Each structure stands twice: as C-alpha cells, then as structure tokens.
Amino acid sequence: MIGKKIYNIRRKKGMTLSELAKRSNISKSYLSVIERSINENPSIQVIHKIAAGLDVDIKTIIGTDKEQKQYIENEWIEFVSELKKTGIDKKQIQEYKAVIEFIKWRKENTSNDEM
C-alpha cells in the first residue's frame with residue numbers, strides 16, 4: 001500500500017525512480033523494492049526521506065485513502081487555479097473538452113494499432 005502510494009505520487013509529479021532516489025538519498029534498488037511492495041514495511045526514517053524527496057507531507061504516504069484523495073483533490077484545485085490565471089473561464093473549458101476527447105480518441109486508436 002505504501003509502495004503504491006509512493007509510486008503514484010512520484011509518477012504524478014513526473015519524477016523518475018532515479019530522481020526520487022537521488023532526492024531521497026536512498027538507493028534506487030531499495031526504492032524500487034518499496035514501490036513494488038516487496039518490502040511492505042520500510043522504516044519511518046526511510047518514509048520520511050521519501051516524503052521529503054517527493055516534497056509531500058509524510059501523512060500523504062502513510063495516511064488513509066481519505067487523505068490520499070484529499071491530496072488528489074488539491075492537485076485539481078491547483079490545476080483549476082492555473083487555468084484561471086491563464087484567463088480561461090468556465091465557458092471556454094467546453095472548447096478544450098473537444099481537444100481532450102480527440103487526445104483520448106487518438107490514444108485509444110494508437111494503442112489498438114500497436115496490438
């Protein structure tokens with residue numbers, strides 16, 4: 001569970017395993033073992049280092065799913081704030097939905113072509 005949370009947060013932040021290992025000052029192989037839940041009980045010191053490397057509160061990693069959901073909700077709030085700063089309003093978002101749908105369609109069709 002902890003490993004999955006670490007993995008998801010790292011990916012959302014666009015960070016590689018190597019980057020997080022370097023930022024956390026732990027070995028890449030050990031971080032990989034944690035993320036793959038081979039070691040499901042890393043020490044609190046290691047979790048603290050990883051949280052610092054991810055620039056998140058330690059509760060985000062060891063907390064409940066409710067706290068994880070709040071973290072995700074905060075990301076959406078930040079995203080919407082960025083949209084507002086660029087001058088995009090609610091009505092304009094409808095225009096961007098068409099672009100998003102096209103990207104989804106293209107991704108699905110590209111995936112199917114590769115099979």
Side-chain angles (χ1 to χ4, degrees):
M1 184 126 163
I2 289 174
K4 185 177 180 181
K5 285 183 181 181
I6 292 168
Y7 173 81
N8 288 335
I9 295 167
R10 177 177 65 79
R11 296 289 298 206
K12 286 179 183 162
K13 290 185 172 269
M15 212 179 287
T16 66
L17 192 66
S18 297
E19 287 174 303
L20 179 55
K22 186 175 182 179
R23 286 174 152 212
S24 303
N25 198 28
I26 61 174
S27 74
K28 180 179 169 183
S29 60
Y30 185 54
L31 181 58
S32 175
V33 165
I34 293 169
E35 282 192 357
R36 292 181 290 139
S37 297
I38 294 171
N39 178 346
E40 294 182 358
N41 194 21
S43 71
I44 194 70
Q45 292 86 1
V46 169
I47 295 171
H48 183 70
K49 286 181 174 185
I50 294 170
L54 289 168
D55 194 30
V56 297
D57 190 275
I58 195 166
K59 290 179 186 176
T60 304
I61 294 174
I62 62 174
T64 64
D65 287 335
K66 181 179 178 185
E67 290 168 341
Q68 181 70 9
K69 187 175 181 177
Q70 183 60 46
Y71 170 76
I72 293 168
E73 292 297 322
N74 288 341
E75 283 188 336
W76 278 107
I77 291 168
E78 290 173 18
F79 175 71
V80 171
S81 294
E82 288 298 316
L83 286 176
K84 284 183 174 183
K85 286 178 188 175
T86 63
I88 297 171
D89 64 19
K90 288 180 185 179
K91 290 179 184 175
Q92 291 173 308
I93 289 175
Q94 293 300 323
E95 296 172 24
Y96 291 100
K97 282 184 179 181
V99 174
I100 293 167
E101 288 299 318
F102 172 75
I103 292 168
K104 284 173 42 180
W105 173 84
R106 185 172 167 198
K107 184 177 179 181
E108 288 171 2
N109 288 318
T110 303
S111 299
N112 292 336
D113 291 343
E114 293 174 357
M115 292 180 165

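Counting from 1, the numbers follow the sequence of the chain as shown. Predicted model only: the values in this text are computed from it and were never measured.
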For [X] and [Y], which heavy atoms make the closest approach, and how far apart are they?
X	Y	result
A21	S27	CB-C, 4.0 Å
S37	M1	OG-N, 4.0 Å
K13	D55	NZ-O, 4.1 Å
R10	L17	NH1-N, 3.2 Å
S24	G53	OG-CA, 3.8 Å

field: side chain to side chain contact (heavy atoms under 4.5 Å, CB included), paired with N39, selected from V33, V46, L31
entry: V33

First locate atom [atom1] of [X], then atom [atom2] of [Y], and finally report the distance between them rounded to the nearest 0.5 Å.
X	Y	atom1	atom2	answer
H48	I44	NE2	CD1	9.0 Å
E40	I34	CD	CD1	11.5 Å
I61	I2	CD1	CD1	8.5 Å
E35	L20	CD	CG	6.5 Å

Atom OH of Y7 with >12 non-hydrogen neighbours under 6.0 angstrom: no

- request: Salt-bridge test for E19 and K22: reply yes if a basic N is under 4.0 Å from a carboxylate O, no otherwise.
  value: no

task: State whether the side chain of S32 and the backbone N or O of K28 hold a donor-acceptor pair below 3.5 Å, judged by distance alone.
output: no

